[in-house]
*Asks:* 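Right, I'll just put the structure down here and ask away after.
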Amino acid sequence: MKDRAMGMGAAALVVSGGVLVSRVLGLGRETMLAALIGVNAVGDVYRAAFLVPDLLNYLLAGGYLTITFVPILAARLAADDPEGGNRAFVAVFRVVTGLTVLLTAVLMVWAAPLIELIYPELSPDQLGEVTRLTLIALPAQVFFVGGSLLMAYQYAHRRFLVPVAAPIVYNLSIILGGMTGEILVDPVPADGFVWGALVGAALGNFGIQWFGARRVGLRLVRGVEWKHRAVRTYLALAVPLMVGQSVAVLDEQFVRFFGQLTPDGGISALSFARVLNMVPVGMVAQAAGVAAFPFLASLAASGRRSELVETTLRTARMTLFLGTGAAAAVLAVGAPGVRLVFQWGAFGSADSAAVAQLLAIYALAIPAWGVHQVVSRSFYAERRMWPPVVVGTLAAAAAVPLSLGLVSLRGARGLVWASVISVGVYTVALTLIWLRGQDTGGRSLALGLARSLVAGAAASAAGWMVAGWFSRDRAWDVTEAVGAFVVGGLVVAVVFWAVARLLGSRELQALWEARRQGGADNSPGTD
């Protein structure tokens, strides 16, 4: 048990580090978008162009391909059958990528009428631009879907280094594309960014993943039957995810769709705030979920359910603890953070104020994002696909009228509140289902949440007051923003640590013990 925890810790460190680099580059990408395009109708068109491609990805369960495929491969590895794993990969890969190519071609033919149906509030000129950019972005889904299977192959072997490079290469390509567009075109359109996304998907999400999978043993076996058992197993796992979409999966698309009901620039402002909020979400939630899943799948494949439950509970508690601390930091220093990241070029002080308000609301959901990532993967590890799908789909269905109502009442801020409420309800409902039949798990999570909320509230209030001392009624000053961000962030960290220690937080003790041990993991599993 101890070795497994250390292995997960090392894996989480690799994933978290990769996510951090990716998110920093993602912020660089968004900074360039803010400076060159700004918060306006042009920025809205750029965001809207990715709705149809992303919907294709979700339709094929692209975001869940690693989740559905890792248990299949884990079962073969648990049986010491790497050849069987390669045959399963070939069987699933050719079916899934072939379907992706076919649907991509269909959508490229019908892109214009589909976009007119989705965006009735856009002008004819805006619809034409969205359609043109969508046709550039659509082929990237072939690389995303195929690359997800290649990443799953590496995750099943507990190799994380190459997969975490995918978003890094992707974001670098978008940045280079935007720079190229600035040089070649004046005024700057969104073309360079979209072409960069296509190239980044081809290189980062597919090209280097092919190399990584081959490195850990992937071989394209010939003569694999089309009716291979792995295809049936994959479909049994993936179909629920295809027909039912979680509110967490569709959250970004709700911004793009319902954002058209806000004034020009609304989609851009919402997207900028959401991108900043997803930095701590990615570092805490994504790192924990991605790193834990191969271990959970291995435990499930070996029939060691009690260990799976304990591992899930321990990971969920830690994610809740770190997520609450991250939310406190965003609430305290989000405003100077927005100014530092975005307030350049076409992005003005009024835009910073608007985005900071949206970010403060988004931050409230960070702990929920973290817990649902862990709990849902515990279901998926045991191939229990329907509970998270049903709960997530019901939450998504409820989010539609909620979003419509709140956006009409409160504009962009109402749409963010709808997101926070929906994700929160989804996480609580899913966790309660997972906890059924467990005597102490619910109490343990509740106590951890209470301690974390008290520490987070105290840390957020202290950090916010200190950051406020740097604020002045004058023009944009980078020194002021840096001081508020750094000093306020340090205060949040110190107060959160002190209060958590005073309350006897088990998660803080676990982190301290891991630090004393050096966080070492001598196993080769983290690449």
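Just so it is clear, the values below take in all heavy atoms, side chains as well, and ignore hydrogens, waters and symmetry mates. Just so you know, these numbers come straight off a predicted model, no measurement behind them.
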*Asks:* Leu415: which residues meet the side-chain contact (heavy atoms from CB on, under 4.5 Å) condition with it, sequence neighbours left out?
*Replies:*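 side-chain contact (heavy atoms from CB on, under 4.5 Å) check on Leu415 returns Phe258, Leu270, Ser403, Val407.
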
*Asks:* Is the shortest heavy-atom distance from the side chain of Ser419 to the side chain of Phe254 under 4.5 Å?
*Replies:* no

*Asks:* Is there a side-chain contact between Val164 and Ser22 in this structure, where contact means two heavy atoms from C-beta onward sitting under 4.5 Å apart?
*Replies:*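 SC-SC contact between Val164 and Ser22 ruled out.
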
*Asks:* Would you call Tyr155 and Pro163 a side-chain contact if the rule is heavy atoms closer than 4.5 Å?
*Replies:* yes

*Asks:* In Å, rounded to the nearest 0.5 Å, how long is the span from CD1 of Ile267 to CG of Asn40?
*Replies:*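 Interatomic distance, Ile267 CD1 to Asn40 CG, rounded to 0.5 Å: 11.5 Å.
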
*Asks:* Kindly say whether Gly456 contributes a backbone atom to a donor-acceptor pair with the side chain of Ser460 at under 3.5 angstrom?
*Replies:*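 Such a contact is absent between Ser460 side chain and Gly456 backbone.
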
*Asks:* Tell me every residue that passes ring-ring contact (aromatic ring centres under 6.0 Å, His included) with Phe50, counting only those two or more places apart in sequence or in another chain.
*Replies:*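 Counting only residues at least two positions away or on another chain, Phe50 forms a ring-ring contact (aromatic ring centres under 6.0 Å, His included) with Tyr46.
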
*Asks:* Identify, with sequence neighbours excluded, every residue that meets side-chain contact (heavy atoms from CB on, under 4.5 Å) alongside Asp351.
*Replies:* Val39, Phe347

*Asks:* Does the side chain of Leu36 reach to within under 4.5 Å of the side chain of Phe193, using non-hydrogen atoms?
*Replies:* yes

*Asks:* So do the side chains of Val341 and Phe272 get within less than 4.5 Å of each other, counting heavy atoms only?
*Replies:* no

*Asks:* Could you grab the distance from atom CD1 of Ile168 to atom CG of Leu25, nearest 0.5 Å is fine?
*Replies:* 6.5 Å

*Asks:* Does the side chain of His372 reach to within under 4.5 Å of the side chain of Val375, using non-hydrogen atoms?
*Replies:*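 SC-SC contact between His372 and Val375 ruled out.
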
*Asks:* Can you give me the closest heavy-atom contact between Val389 and Thr393, atom names plus distance?
*Replies:*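 Heavy-atom minimum between the residues: O-OG1, 2.7 Å.
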
*Asks:* List the steps and the verdict of side chain to side chain contact (heavy atoms under 4.5 Å, CB included) for Leu402 and Ser422.
*Replies:* CA-CA 9 Å; Leu402 182 65; Ser422 300; 3.8 Å; yes

*Asks:* With rounding to the nearest 0.5 Å, note down the distance linking OG in Ser378 to CD in Gln373.
*Replies:*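 Nearest 0.5 Å value for the OG-CD distance: 13.5 Å.
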
*Asks:* Testing the basics here: between Tyr362 and Val420, what is the closest heavy-atom pair and its distance to 0.1 Å?
*Replies:*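 So the two residues come closest at CA-CG2, 4.1 Å.
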
*Asks:* Taking Gly204's backbone N and O only, do any of them form a donor-acceptor pair with Gln209's side chain (distance below 3.5 Å, no angle check)?
*Replies:*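 Pair found, side chain donor or acceptor close to backbone of Gly204.
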
*Asks:* Tell me, yes or no, whether the heavy-atom count around Phe485 atom CZ, taken from other residues, nucleotides or ligands under 6.0 Å, exceeds 12.
*Replies:* no

*Asks:* Side chains of Glu480 and Pro336: closer than 4.5 Å at any heavy-atom pair?
*Replies:* no

*Asks:* Any side-chain to backbone donor/acceptor pair from Arg339 onto Gly337? Under 3.5 Å, distance only.
*Replies:* no

*Asks:* Determine yes or no for a side-chain-to-main-chain donor-acceptor pair under 3.5 angstrom, with Tyr153 supplying the side chain and Leu218 the backbone.
*Replies:* yes

*Asks:* Looking only at heavy atoms, which two atoms of Ala111 and Leu135 are closest? And how far apart?
*Replies:* CB-CD2, 3.8 Å

*Asks:* Which atoms form the tightest heavy-atom contact between Leu320 and Gly448, and what is the distance?
*Replies:*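 Taking Leu320 first and Gly448 second, the nearest heavy atoms are CD2-C, 4.4 Å.
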
*Asks:* Hey, mind stepping through Phe89 and Leu150 against side chain to side chain contact (heavy atoms under 4.5 Å, CB included) and telling me if it holds?
*Replies:* CA-CA 9 Å; Phe89 177 88; Leu150 293 167; 3.4 Å; yes

*Asks:* Counting distance only, does the side-chain N/O of Gln260 pair as donor-acceptor with the main-chain N or O of Ile118 below 3.5 Å?
*Replies:* yes

*Asks:* Can you give me the closest heavy-atom contact between Leu250 and Ala396, atom names plus distance?
*Replies:* CD1-CB, 4.2 Å

*Asks:* Taking ring-ring contact (aromatic ring centres under 6.0 Å, His included) as the test, write out the residues that go with Phe321, two or more places apart.
*Replies:* Phe496

*Asks:* Between Asn205 (side chain only) and Phe143 (backbone N and O only), is there a donor and an acceptor less than 3.5 Å apart?
*Replies:*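 Checked: no pair found.
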
*Asks:* State whether the side chain of Thr262 and the backbone N or O of Gly259 hold a donor-acceptor pair below 3.5 Å, judged by distance alone.
*Replies:* yes

*Asks:* Say you draw a straight line from CG of Asn57 to OG of Ser148; how long is it, rounded to the nearest 0.5 Å?
*Replies:* 6.5 Å

*Asks:* Quick check: Tyr170 with Phe144 (ring centres under 6.0 Å apart)?
*Replies:* yes

*Asks:* Run through Ile136, Val130, Thr131 and flag the one making a side chain to side chain contact (heavy atoms under 4.5 Å, CB included) with Thr134.
*Replies:* Val130

*Asks:* Quick one: pull up OG in Ser452 and CG in Leu508 and give me the separation to the nearest 0.5 Å.
*Replies:*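 Going from the OG atom of Ser452 to the CG atom of Leu508 covers 10.0 Å.
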
*Asks:* Please evaluate residues Leu261 and Leu404 with respect to the criterion side chain to side chain contact (heavy atoms under 4.5 Å, CB included), reporting the C-alpha separation (whole Å), side-chain torsions for both, the decisive distance (0.1 Å), and the verdict.
*Replies:* CA-CA 9 Å; Leu261 302 177; Leu404 281 171; 3.8 Å; yes

*Asks:* For Val162 and Gly212, which heavy atoms make the closest approach, and how far apart are they?
*Replies:*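 Here Val162 and Gly212 meet closest at CG1-CA, 4.0 Å.
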
*Asks:* Begin with the C-alpha distance, continue with both residues' side-chain angles, and end with the deciding distance and a verdict on side chain to side chain contact (heavy atoms under 4.5 Å, CB included) for Met32 and Trp344.
*Replies:* CA-CA 9 Å; Met32 184 174 293; Trp344 310 96; over 6 Å; no

*Asks:* Can you tell which of Glu30, Glu129, Glu252 makes a salt bridge (charged side-chain N to carboxylate O under 4.0 Å, His left out) with Arg47?
*Replies:*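 It is Glu30, the one option of Glu30, Glu129, Glu252 that forms the salt bridge (charged side-chain N to carboxylate O under 4.0 Å, His left out) with Arg47.
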
*Asks:* Counting only heavy atoms not in Arg410 (residues, nucleotides, ligands), do more than 12 fall under 6.0 Å from its CZ?
*Replies:*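 No, the 6.0 Å shell around CZ holds no more than 12 heavy atoms from other groups.
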
*Asks:* Quick one: side chains of residues 352-359, donor-acceptor pairs under 3.5 Å with protein atoms, not counting sequence neighbours, listed by atom name and distance.
*Replies:*
residue, atom, partner, partner atom, Å
Ser352, OG, Gln343, OE1, 2.7

*Asks:* With Ile366, which of Leu331, Leu322, Val281 fulfils side chain to side chain contact (heavy atoms under 4.5 Å, CB included)?
*Replies:* Val281

*Asks:* Find the distance between CG (Leu33) and OG (Ser271) and round it off to the nearest 0.5 Å.
*Replies:* 10.0 Å

*Asks:* For Gln126 and Ser123, indicate whether the former's side chain and the latter's backbone hold a donor-acceptor pair under 3.5 Å.
*Replies:*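 Looks like yes, one N/O pair under 3.5 Å.
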
*Asks:* Do Arg256 and Asp54 sit within salt-bridge range, that is, some charged N less than 4.0 Å from a carboxylate O?
*Replies:* yes

*Asks:* Looking at residues at least two apart in the chain, or sitting in another chain, which of them share a salt bridge (charged side-chain N to carboxylate O under 4.0 Å, His left out) with Arg29?
*Replies:*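 Once residues adjacent in sequence are excluded, Arg29 has no partner under the salt bridge (charged side-chain N to carboxylate O under 4.0 Å, His left out) criterion.
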
*Asks:* Between Val255 and Arg274, is any pair of side-chain heavy atoms under 4.5 Å apart?
*Replies:* yes

